[in-house]
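This report concerns only the one structure given below.
The basis for the numbers below is simple: all heavy atoms, side chains too, and nothing from hydrogens, waters or symmetry mates. For reference, positions follow the sequence shown, starting with 1.
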Amino acid sequence: MPSQDTRTLLHSAVPTAAVGAIVAVVSGVVAGGKGALGAVVGTLVVIAFMGLGMFALQRTAKALPHLFQMMGLLLYVLQLLLLLVFVALFKDTTLFNPKAFAVGLVVATVAWMASQARAHMKAKILYVDPQPENHDKPEKSGSSQ
């Protein structure tokens with residue numbers, strides 16, 4: 001992963017984890033240990049899904065740049081659908097509090113998207129490649145033959 005991508009991932013994951021910790025503490029106070037566990041699991045699921053999605057999107061951008069925008073839209077829709085599936089699968093679990101899990105998922109998803117948008121707005125990304133990609137080809141000097 002290039003340094004800019006790593007920086008964006010870090011600037012998205014750290015605030016999401018911090019918000020998830022706050023949700024876990026609040027859930028722990030409201031719903032006990034199972035509530036805290038549910039919020040932590042929800043936050044970890046979001047960080048894993050969004051982080052893997054960002055990695056997949058960056059690989060797609062390098063391999064198939066013409067599909068980047070379509071893949072980005074498809075990726076976000078799939079991520080949100082998978083998060084909805086997780087909520088549906090664990091709605092009747094006794095391992096942790098399902099309401100705290102759902103709240104952790106939603107709050108962590110909003111935190112990820114907001115922090116990722118902020119990271120992209122603050123990033124100084126060049127839109128023009130400062131060096132040509134073909135370094136192997138010698139440049140022609142002033143004569144035209």
Side-chain angles (χ1 to χ4, degrees), residues 1-140:
M1 224 178 203
S3 65
Q4 182 63 39
D5 300 336
T6 306
R7 202 172 307 126
T8 301
L9 181 64
L10 185 65
H11 286 173
S12 299
V14 171
T16 303
V19 168
I22 293 168
V23 171
V25 168
V26 171
S27 296
V29 169
V30 172
K34 287 190 175 194
L37 181 62
V40 167
V41 170
T43 302
L44 291 176
V45 166
V46 168
I47 290 173
F49 275 22
M50 297 295 188
L52 289 172
M54 183 181 246
F55 178 73
L57 191 59
Q58 293 306 320
R59 291 195 45 113
T60 300
K62 291 192 185 4
L64 304 165
H66 58 284
L67 295 178
F68 181 71
Q69 185 176 13
M70 188 265 314
M71 283 298 295
L73 292 171
L74 178 66
L75 178 70
Y76 283 127
V77 168
L78 285 176
Q79 285 174 333
L80 292 175
L81 287 175
L82 283 172
L83 292 175
L84 181 65
V85 167
F86 261 75
V87 170
L89 286 174
F90 291 111
K91 71 179 179 183
D92 295 325
T93 187
T94 58
L95 185 62
F96 48 78
N97 187 319
K99 288 183 182 178
F101 174 70
V103 168
L105 277 174
V106 170
V107 171
T109 301
V110 170
W112 181 281
M113 290 183 172
S115 59
Q116 187 177 23
R118 183 180 187 281
H120 281 293
M121 287 188 327
K122 293 285 186 179
K124 293 178 174 44
I125 301 172
L126 297 174
Y127 59 90
V128 175
D129 192 10
Q131 297 176 358
E133 290 184 20
N134 298 333
H135 298 292
D136 299 337
K137 295 181 181 177
E139 292 186 25
K140 294 182 181 178

Expected output: side-chain Lys34 to main-chain Thr94 donor-acceptor under 3.5 Å: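 The answer is yes, because a donor-acceptor pair under 3.5 Å joins these two groups.
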
Say you draw a straight line from [atom1] of [X] to [atom2] of [Y]; how long is it, rounded to the nearest 0.5 Å?
X      : Y      : atom1 : atom2 : value
Ser12  : Met54  : OG    : CE    : 4.5 Å
Leu75  : Phe49  : CG    : CZ    : 11.0 Å
Trp112 : Thr43  : CH2   : OG1   : 12.0 Å
Leu10  : Ser115 : CG    : OG    : 10.5 Å
Leu89  : Lys91  : CG    : NZ    : 9.5 Å
Leu44  : Thr16  : CG    : OG1   : 11.0 Å

Can you see which heavy atom on [X] is nearest to which on [Y], and at what distance?
X      : Y      : result
Gln79  : Gly53  : NE2-CA, 3.3 Å
Gly42  : Leu105 : O-CD2, 3.4 Å
Phe101 : Phe86  : CE2-O, 3.7 Å
Val40  : Ala24  : CG2-CB, 3.7 Å
Ala100 : Gly35  : CB-O, 3.2 Å

State, with a plain yes or no, whether a side-chain heavy atom of [X] is found less than 4.5 Å away from one of [Y].
X      : Y     : value
Gln116 : Leu9  : no
Val85  : Leu81 : no
Asn97  : Leu37 : no
Met113 : Tyr76 : yes

